[in-house]
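These numbers were taken from a predicted model, which means no experiment stands behind them. One is the number of the first residue; the rest follow in order along the sequence.
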Amino acid sequence: MNFKRKLWWAQHKEQIFRIYAITLTLVLVILGIIYFSYSKFSSSNEMTMYETTVEPFIKNDYFIASYIDGEWSDSIPGKDDGYEVDKIVCDNGATGTWDNDKWAITIENATKKIKCSVFFKEKIQFNFDYTGTEQVFTVPKTGTYKIEVWGAQGGAFSNEASGGAGGYSSGILNLNLNEDIYINVGSTDLKKCNDIGNGSYCEGGYNGGGTSQDATKEQWGAGGGATHAATISGLLSNLNNDKDKILIVAGGGGGAYSGLNGASGGGFQGNNGADRTDGSEFKKAHGGTQVAAGTGYKIGGFGYGGSCGVSSGMNCSGGGAGFYGGAGAYGINGAGGSGYIGNTLLTDKTMYCYNCTESSEESTKTVSITCAEETPTENCAKKGNGYARITYIG
């Protein structure tokens with residue numbers, strides 16, 4: 001009997017090995033298909049962290065699939081590669097949200113063996129809110145971009161009056177891959193006020209807003225900061241010798257005076273403050289222009305508004321910052337700072353400002369408007385802090 005088995009094995013062993021090999025190959029192929037259908041991010045890659053509100057991430061329990069522009073990918077784009085999450089689709093009742101700061105997914109209502117598909121799309125819009133520090137935009141791909149900046153509103157202490165609205169400037173320019181654009185977004189900074197014994201003073205908005213002083217505890221506002229973008233780092237006031245590196249500026253509004261609104265900023269010339277009617281030697285504040293700061297009680301300069309200091313003992317409103325700043329004023333409202341679109345790299349460029357003087361010249365084109373919004377709105381002046389936006393066109 002043993003002899004017959006050995007004979008049969010000798011006659012059929014090659015066929016048996018072939019069947020085993022085919023079976024093993026099929027099993028491996030099936031396992032490979034399953035694995036790659038539920039492709040996981042590597043937990044050792046710091047750009048692909050996992051978070052879950054249910055339990056710590058357990059390898060092989062949650063499957064994450066990556067799709068870039070609709071195509072499956074075995075990796076995810078880097079945080080600075082010019083992509084954003086379009087949507088996340090999870091099965092078995094789970095939901096996924098994306099944390100842009102950590103560049104990670106958070107899974108809620110998760111059960112074992114769920115799958116979440118993360119769909120990435122090319123990012124075309126980059127937004128810059130006020131942060132109090134310089135921000136850098138690194139160009140993700142060579143092409144044409146629209147750049148928009150809004151200056152900050154001037155300050156005020158009560159609802160009796162408002163600071164002058166910040167201006168809006170926009171233009172089109174060509175940018176190269178990995179080129180850096182430096183952005184400083186102006187602020188209103190209403191809360192930076194200090195008691196100096198004989199009154200108080202309030203610091204002007206970030207990026208050049210002029211300080212105000214209140215010697216009699218009345219209501220005097222500081223100037224709003226400018227928003228600008230340049231190919232060189234630095235606050236606007238530090239770029240006086242590098243004006244050719246400045247791409248675009250939106251002026252800030254002037255500070256309010258008691259029940260009188262501050263003058264608006266932006267455009268080729270910031271708005272002037274109100275006329276004095278009491279015969280005082282101190283005249284109204286004038287807005288900044290394309291070549292000089294506005295005249296008045298406290299004169300500003302390139303990139304900053306007229307500032308009252310901290311011990312002048314005067315009731316003084318601050319001037320708005322801009323390409324050139326508006327003046328601060330004694331006993332009346334502050335003036336607005338000017339915008340700027342004169343860089344020859346910009347095309348299709350225009351400045352908009354609230355109830356301001358218009359210009360039809362290409363390098364100073366200014367349109368007067370009557371809208372001012374807290375939400376950054378195209379062709380509209382700005383309330384509150386400034387803003388900047390860069391949009392890829394193609």
Is there a salt bridge (Lys or Arg N to Asp or Glu O under 4.0 Å) between K284 and D275 once you walk through the steps? CA-CA 5 Å; K284 71 178 181 182; D275 289 321; 3.1 Å; yes
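- Other residues, nucleotides and ligands contribute only 12 or fewer heavy atoms inside 6.0 Å of the CD1 atom of I124.
- By the 30° and 60° cut-offs, the orientation of the rings of W98 relative to W103 is perpendicular.
- To the nearest 0.5 angstrom, I183 atom CD1 is 10.5 Å from F126 atom CZ.
- The two residues A161 and A156 come nearest to each other via the heavy atoms O-CB, 3.4 Å.
- Looking at every heavy atom in both residues, C353 comes nearest to G265 through CB-O, 3.5 Å.
- For the pair N272 (side chain) and G287 (backbone), a donor-acceptor distance under 3.5 Å is present.
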Going through the distances and angles, do D69 and K121 end up as a side-chain contact (heavy atoms from CB on, under 4.5 Å)? CA-CA 5 Å; D69 293 331; K121 67 177 182 179; 4.3 Å; yes
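- The structure places CD of E84 at 8.0 Å from CG of N100, a figure rounded to the nearest 0.5 Å.
- Counting heavy atoms from C-beta outward, S187 and N385 have side chains that approach closer than 4.5 Å.
- Other residues, nucleotides and ligands contribute at most 12 non-hydrogen atoms within 6.0 Å of the CD atom of E362.
- By the 4.5 Å heavy-atom criterion applied to side chains, T227 and Y130 are not counted as neighbours.
- With a 4.5 Å cut-off on side-chain heavy atoms, E378 and S170 do not count as touching.
- Panel note: side chain Q135, backbone D129; a donor-acceptor pair is recorded below 3.5 Å.
- M351 and I390 fall within a single hydrophobic cluster, where Ile, Leu, Val, Met, Phe, Trp and Tyr side chains are chained together by heavy-atom contacts under 4.5 Å.
- In this view, F302 and F323, Y324 satisfy the ring-ring contact (aromatic ring centres under 6.0 Å, His included) rule, not counting sequence neighbours.
- Rounding to the nearest 0.5 Å gives a distance of 11.0 Å between CG of N343 and OG of S363.
- With hydrogens and angles ignored, the 3.5 Å screen pairs a side-chain donor or acceptor of K382 with a backbone N or O of E374.
- The main-chain N or O of S162 is found under 3.5 Å from a side-chain atom of N261 such that the two form a donor-acceptor pair.
- Looking at heavy atoms from C-beta onward, T370 lies in side-chain contact with N355 at the 4.5 angstrom threshold.
- Each of Y182 and V149 belongs to its own hydrophobic cluster when Ile, Leu, Val, Met, Phe, Trp and Tyr are linked at side-chain heavy-atom distances under 4.5 angstrom.
- Side-chain contact, S307 with T211: a donor N or O sits under 3.5 Å from an acceptor N or O.
- Between the T366 side chain and the F268 main chain, a donor and an acceptor come within less than 3.5 Å of each other.
- No donor-acceptor contact under 3.5 angstrom links the side chains of Q290 and T364, judged on distance only.
- With hydrogens and angles ignored, the 3.5 Å screen pairs a side-chain donor or acceptor of S169 with a backbone N or O of V249.
- Between the side chain of D242 and the backbone N or O of K245, no donor-acceptor pair lies under 3.5 Å.
- For the pair L236/N184, no side-chain contact is recorded, criterion being any heavy-atom separation below 4.5 Å from C-beta on.
- Side-chain atoms of T375 and T377 form no donor-acceptor pair, as typed in the model, at a separation below 3.5 Å.
- The shortest heavy-atom contact between G221 and S212 is O-CB, 3.3 Å.
- Within a 6.0 Å radius of CD in E71, other residues, nucleotides and ligands contribute 12 heavy atoms or fewer.
- Side-chain contact check for Y168 versus C380: every heavy-atom pair is 4.5 Å or farther apart.
- Under the 4.5 Å side-chain heavy-atom criterion for ILVMFWY residues, no single connected hydrophobic cluster contains both Y297 and I299.
- With a 4.5 Å cut-off on side-chain heavy atoms, L247 and T231 count as touching.
- Heavy atoms of other residues, nucleotides or ligands lying less than 6.0 angstrom from NZ of K349 number more than 12.
- Of the inter-residue distances, the one linking F128 atom CZ with Y387 atom OH reads 9.5 Å to the nearest 0.5 angstrom.
- In this structure, the side chains of V85 and F119 stay at 4.5 Å or more apart for every pair of heavy atoms.
- Linking Ile, Leu, Val, Met, Phe, Trp and Tyr residues whenever their side-chain heavy atoms come within less than 4.5 Å places Y206 and V185 in a single cluster.
- Closest approach of A381 to I369, counting heavy atoms only: N-CD1, 3.2 Å.
- In this structure, L239 and H228 approach most closely via the heavy-atom pair CD1-NE2, 3.8 Å.
- Taking CG of L260 as the reference point, atom CG of N333 lies at 4.0 Å (rounded to 0.5 Å).
- What you find for A321 and A226 is that their closest heavy atoms are CB-N, 3.5 Å.
- Put simply, the side chain of S338 gets close to the backbone of T289: a donor and an acceptor are under 3.5 Å apart.
- Side-chain contact check for S264 and N271: at least one donor-acceptor pair (N or O, by modelled atom type) lies under 3.5 Å.
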Verify side-chain contact (heavy atoms from CB on, under 4.5 Å) between I114 and I107, making sure each step is shown before the conclusion. CA-CA 10 Å; I114 63 99; I107 303 173; 4.1 Å; yes
Is there a side-chain contact (heavy atoms from CB on, under 4.5 Å) between Y330 and K298? Walk through the geometry before answering. CA-CA 8 Å; Y330 167 69; K298 289 294 184 178; over 6 Å; no
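- A side-chain donor-acceptor contact under 3.5 Å links T142 to the backbone of L177.
- With S368 contributing its side chain and C356 its backbone, the two residues share a donor-acceptor pair below 3.5 Å.
- Ring planes of F137 and Y145: perpendicular class, angle over 60° (limits at 30 and 60°).
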Could you go step by step and tell me if E122 and Y83 meet the side-chain contact (heavy atoms from CB on, under 4.5 Å) rule? CA-CA 4 Å; E122 187 175 35; Y83 284 88; 4.2 Å; yes
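- Going from atom CG of N174 over to atom CG of L346 covers 10.5 Å, rounded to the nearest 0.5 Å.
- Under the 4.5 Å side-chain contact rule for hydrophobic residues, V367 and Y354 do not share a cluster.
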